[in-house]
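The first residue of the sequence shown is numbered 1, and numbering continues consecutively from there. Here the structure is a predicted model, which is why all the values come from computation and not from measurement.
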Amino acid sequence: MLKIPPELKKITQYVRRAEELDKDESNPESRLVAYYCRQYAVQLGITLATTAEGKTSLAGLLDALDAEKVAMGNFSKEEAYTVCRGFA
């Protein structure tokens, strides 16, 4: 579980949801939604991270995104959109 500093409190819900979805290894769609949860958390966090600890946390999220990027190639942009909309 990634430690999130107080300055990034607004992204905690997205990171925790991604971690929860990572546990479901049987469904590739769960990995896709987790990827987009992390991506959104990073987008929000960039403006919020002002300390070294905050920037380090975002770097950890970016590393996780890079690691999953290869697996995301299995979905087209339209498929990813449909999966995420259906999940929401």
Side-chain angles (χ1 to χ4, degrees):
M1 185 180 292
L2 179 68
K3 183 178 184 231
I4 300 174
E7 70 188 279
L8 297 177
K9 183 179 179 182
K10 289 183 179 182
I11 71 168
T12 302
Q13 61 186 332
Y14 305 107
V15 174
R16 296 295 175 245
R17 186 64 171 162
E19 290 171 346
E20 179 182 317
L21 289 165
D22 283 339
K23 294 177 185 174
D24 181 13
E25 295 178 5
S26 64
N27 188 357
E29 292 178 354
S30 294
R31 289 179 67 193
L32 177 72
V33 176
Y35 176 84
Y36 282 107
C37 285
R38 282 190 185 90
Q39 186 180 49
Y40 187 67
V42 168
Q43 288 174 343
L44 287 178
I46 287 173
T47 59
L48 301 172
T50 56
T51 65
E53 184 182 14
K55 292 175 183 176
T56 301
S57 292
L58 286 181
L61 284 173
L62 284 171
D63 289 342
L65 284 173
D66 282 341
E68 288 291 315
K69 190 181 288 187
V70 174
M72 297 307 106
N74 297 335
F75 294 94
S76 70
K77 196 171 192 175
E78 293 79 22
E79 289 172 327
Y81 177 79
T82 303
V83 168
C84 289
R85 293 292 293 183
F87 186 82

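Atoms CZ and CG, from Arg16 and Leu21 in turn, are 13.5 Å apart once rounded to the nearest 0.5 Å. Atom-to-atom distance recorded for Glu19:CD and Thr12:OG1 is 9.5 Å, nearest 0.5 angstrom. Atom CD in Glu68 sits 12.0 Å away from atom OH in Tyr36 (nearest 0.5 Å).
A donor-acceptor pair under 3.5 Å is formed between the side chain of Glu7 and the backbone N or O of Thr50. Side-chain atoms of Ser57 never come within 3.5 Å of backbone atoms of Leu8 as a donor-acceptor pair (strictly under, hydrogens ignored). Judged by distance alone, with hydrogens and angles left aside, the side-chain atoms of Glu29 form no donor-acceptor pair with the main-chain N or O of Val83 at under 3.5 Å.
Contact between Pro5 and Gly54 at its shortest, heavy atoms only, is CG-CA, 3.7 Å. When all heavy atoms of Tyr14 and Ala41 are compared, the closest pair comes out as CB-CB, 4.0 Å. Across all their heavy atoms, Leu58 and Ala49 have their closest contact at CD1-CB, 3.5 Å.
You'll find the side chain of Thr82 stays beyond 4.5 Å of the side chain of Cys84, heavy atoms only. Taking 4.5 Å as the limit, some side-chain heavy atom of Ile11 sits within range of a side-chain heavy atom of Leu61. Within the 4.5 Å cutoff, no side-chain heavy atoms of Arg17 are placed close to those of Val33.
In the hydrophobic clustering of this structure, Ile46 groups with Ile4; members are Ile, Leu, Val, Met, Phe, Trp, Tyr whose side-chain heavy atoms approach within less than 4.5 Å, directly or through other members.
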Worksheet item: After noting the C-alpha distance and the side-chain angles of Gln39 and Leu65, does the key distance pass the side-chain contact (heavy atoms from CB on, under 4.5 Å) rule?
Response: CA-CA 7 Å; Gln39 186 180 49; Leu65 284 173; 4.2 Å; yes
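Ion pairing between Asp22 and Arg38 holds under the 4.0 Å rule for side-chain N and carboxylate O.
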